[in-house]
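The structure under discussion appears below in the form of structure tokens.
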Amino acid sequence: MRMSSMFSRTLREAPAGADCKGYEYLLRAGYIKQMGAGIFSLLPLGFRSITKIQEIVRQEMNRIGGQEILMPLVNPADIWKETGRYYSIDKEMARFKDRVGRDMVLAMTHEEAVTDIARGEIDSYKRLPLTVYQIQTKFRDDPRPRAGLIRVREFTMKDSYSFDRDQAGLEKIYNEHYNAYFRIFSRCGLPCIAVASDSGMMGGKIAHEYMYLSPIGEDTIITCKKCGYTANKQVAAFKKDYYPEDMKEIEKVETPEAKTIESLASYLNIKPEKTCKAVFMVGGFIDDKTGEEKEKLIVALIRGDMEVEENKLQHAARANELRPAHEEEITACKMVPGFASPIGAEGDFICIVDDSVAKSNNLVAGANETGYHFLNTNFGRDFQGTVADIASAKSGYRCPHCGAPLEASKGVEIGNIFQLGTKYSEAMNCYFQDEDGKQKPVIMGCYGIGIGRLLACLAEEYNDENGLKLPIAVAPYQVHLVSLLKDNSIADGIYEELQNEGIEVLYEDRKESAGVKFADADLIGIPIRITLGNRSLKDGNVEVKLRGTGETTNYSIEGLGKQIRQEIAKEQKKMDDAIIEKHL
RNA sequence: CGGGCAGUAGCGCAGGGGCUAGCGCACUUGGUUCGGGACCAAGGGGUCGGCGGUUCAAAUCCGCCUUGCCCGACCA
């Protein structure tokens with residue numbers, strides 16, 4: 001490609017609002033262009049990188065037996081009504097009516113679509129297992145796009161779906177994806193870790209997320225350096241300490257002004273872990289069949305020294321969504337905020353009790369009377385509820401496996417894998433006849449990779465003060481040929497030769513000053529730069545500089561194509577040597 | 001959806017009731033320069049986000065709307 005006729009240009013200054021380095025360089029180098037909030041075009045450079053990433057993804061998905069398909073972005077709403085997600089997903093999914101008034105949606109994921117196809121294809125166990133995948137556009141009307149390609153509304157995703165006759169089959173293909181994802185990310189050059197995760201709106205039980213650890217990430221990951229335990233904070237477990245003692249008689253005491261755990265603990269001169277904190281949320285419960293929505297007050301009880309993890313609470317309460325409760329909603333159940341507990345409460349509410357409370361004795365809890373608390377309250381005797389782990393893990397807490405201190409870090413989710421089970425096959429009647437003659441629901445898994453987000457993370461990982469330096473496997477071109485001569489005829493010849501060698505060349509043939517050419521080359525960041533200028537030309541040489549390391553070598557113009565092919569092979573080999581394989 | 005900031009040339013910004021709306025970069029033409037964002041000269045490009053109001057007069061003041069960014073809620 002000749003720079004003189006390239007569609008995009010570089011920018012000297014970063015457009016306003018480009019807050020992180022990777023995003024700034026992608027914009028300035030002309031890889032991408034913003035069109036609206038969370039909506040981007042890929043320009044030639046960006047599109048070439050994306051294409052390379054997609055090709056790596058294809059190879060690895062094919063390697064584990066995936067068959068590429070392409071499902072429609074526009075789905076009839078009917079299939080989304082079958083699973084209930086037409087109702088349970090809110091404004092994030094774009095909806096419209098077609099010309100005759102049929103409800104349609106822009107699919108934000110494709111479980112419904114793929115299950116719709118599969119139920120027509122899979123009738124016998126002999127057809128299983130199967131895995132299909134696609135690389136396709138998704139639209140999710142995220143209320144808060146940010147950080148360039150990290151969090152967008154329209155994006156390209158690789159999503160695959162597996163179909164098995166039993167759990168063992170699902171676990172096998174799940175494990176194959178687990179490893180394939182490590183191969184994909186390492187082939188792209190992106191360091192990442194897999195963490196146990198929440199299944200969110202996908203349903204299902206076992207799930208992992210692939211995280212690129214970076215301060216720009218929005219997810220919090222809890223890790224144990226000692227034993228390797230990793231989990232998203234939303235689901236991270238930790239070892240809790242209990243202080244069991246014999247139950248004592250409940251007793252009401254005056255506690256004026258003690259509205260918070262700190263003030264209560266200091267007033268009574270006790271430790272926060274001897275108190276029981278009540279957190280009030282309202283859960284939204286949506287009927288999958290009718291779409292009817294109900295709300296109910298949720299009282300979450302947790303020991304005073306811990307915080308409630310809302311995601312865990314939502315699961316424990318089986319709610320579709322949570323919001324903080326209004327004061328009237330609390331008082332309507334005869335509880336007094338600041339001095340609240342379920343003791344003496346009335347009305348329709350759900351009580352979820354963290355096991356830290358359930359396994360502790362003689363805690364101080366609210367008396368539902370302004371200025372009063374109870375001493376020595378005990379779960380089971382004085383109040384009841386559903387016991388679950390709803391506590392939020394944080395840095396310094398102890399690892400659930402080995403007890404070592406946990407650490408928290410930030411990460412960007414670039415992929416995920418879910419064991420769905422039969423949620424979609426049952427809802428959409430995707431059954432097969434097994435060897436024993438019985439009809440059984442197909443067991444499904446789904447697996448996603450955010451392609452654009454992967455590029456964004458790579459740009460974040462590979463840059464310096466001058467611009468991008470993407471690895472050769474994902475860089476838009478392999479070689480940047482920079483001619484500094486007034487007359488381009490020699491450079492034209494080299495350009496021809498390199499192309500004849502099958503090398504991907506970006507050719508700097510513009511009439512610009514040397515400074516501009518070098519600055520743009522650094523910004524775009526093609527891994528191998530060939531400089532043709534008088535300095536080396538007098539010896540019949542060109543200068544070859546690696547963007548990644550700055551290492552410079554002179555090569556003779558004679559036979560340059562072969563030399564450059566070797567350089568490319570060396571760069572590629574470094575990446576191949578770094579391919580990571582991991583199995584569950 | 002709450003809170004904050006902003007919208008003036010392709011990009012970055014200045015101007016804040018008055019006469020022809022500016023600057024840097026980018027762009028065009030001519031010339032000089034030629035290995036790390038060159039220089040000289042001459043040019044082109046704007047419904048000042050939209051609609052309405054106040055005024056003799058609005059980019060400038062007021063109202064509504066809209067778009068984008070940041071923080072939060074949210075996020076397979």
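Atoms considered below: every heavy atom in the structure, side chains included; atoms not considered: hydrogens, waters and symmetry mates. All values reported here derive from a predicted model rather than from experimental measurement. In the text below, chain A, chain B and the rest are named by the order of the sequence lines, each starting its count at 1.
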Taking only the side-chain nitrogens and oxygens of [X], find out if one of them lies under 4.0 Å from OP1 or OP2 of [N].
X: A:R9; N: B:G37; answer: no
X: A:R12; N: B:A26; answer: yes
X: A:K91; N: B:C1; answer: yes

Of all the choices, [options], which nucleotide is nearest to the side chain of [X] once you look at every atom?
X: A:E310; options: B:C13, B:C74, B:C34; answer: B:C74
X: A:F518; options: B:C11, B:G35, B:C70; answer: B:G35
X: A:E13; options: B:C11, B:G35, B:G37; answer: B:C11

Regarding [X], tell me which of base, sugar-phosphate or nothing describes its non-hydrogen contacts under 4.0 Å with the strands shown.
X: A:P143; value: base
X: A:F155; value: base
X: A:G533; value: base
X: A:R510; value: nothing
X: A:Q234; value: nothing
X: A:A514; value: sugar-phosphate
X: A:D90; value: nothing
X: A:S483; value: nothing

Record whether the side chain of [X] comes under 3.5 Å of the base of [N] through a donor-acceptor pair of N or O atoms.
X: A:R144; N: B:G2; answer: no
X: A:N534; N: B:G35; answer: no
X: A:E543; N: B:G35; answer: yes
X: A:Q34; N: B:G68; answer: no
X: A:R28; N: B:G37; answer: yes

Less than 4.0 Å between a side-chain N and a carboxylate O, is that true for A:E508 and A:K517?
no

In whole Å, what separates the [atom1] atom of [N] from that of [M]?
N: B:A26; M: B:G45; atom1: C1'; value: 12 Å
N: B:A58; M: B:G52; atom1: C1'; value: 13 Å
N: B:C61; M: B:C56; atom1: C1'; value: 16 Å
N: B:C5; M: B:G49; atom1: C1'; value: 16 Å
N: B:C13; M: B:A9; atom1: C1'; value: 12 Å
N: B:A38; M: B:C19; atom1: C1'; value: 39 Å
N: B:C48; M: B:G18; atom1: P; value: 16 Å
N: B:G43; M: B:G68; atom1: P; value: 40 Å

Would you please say whether a donor-acceptor pair under 3.5 Å links the side chains of A:Y133 and A:Q67?
no

For residues A:Y210 and A:F185, establish whether the separation of their ring centroids is below 6.0 Å.
yes

Less than 6.0 Å separating the ring centroids of A:H208 and A:Y178?
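They qualify: ring centres under 6.0 Å apart.
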
In terms of relative ring orientation, are A:Y23 and A:F40 parallel, tilted or perpendicular, with 30° and 60° separating the classes?
perpendicular

Aromatic A:F139 / basic A:R153 pairing, under 6.0 angstrom, 45° off normal:
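The answer is no; the distance or angle limit is not met.
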
Does NZ or CZ of A:K81 come closer than 6.0 Å to the centre of the six-membered ring of A:Y86, within 45° of the ring's axis?
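A:K81 over A:Y86 ring: yes.
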
How close or far is atom C1' of B:G68 from atom CG of A:D19, stated in whole angstroms?
13 Å

On RNA chain B, compare the nucleotides closest to A:R535 and A:E512; which residue's is nearer the 5' end?
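Its nucleotide being nearer the 5' end, the pick is A:E512.
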
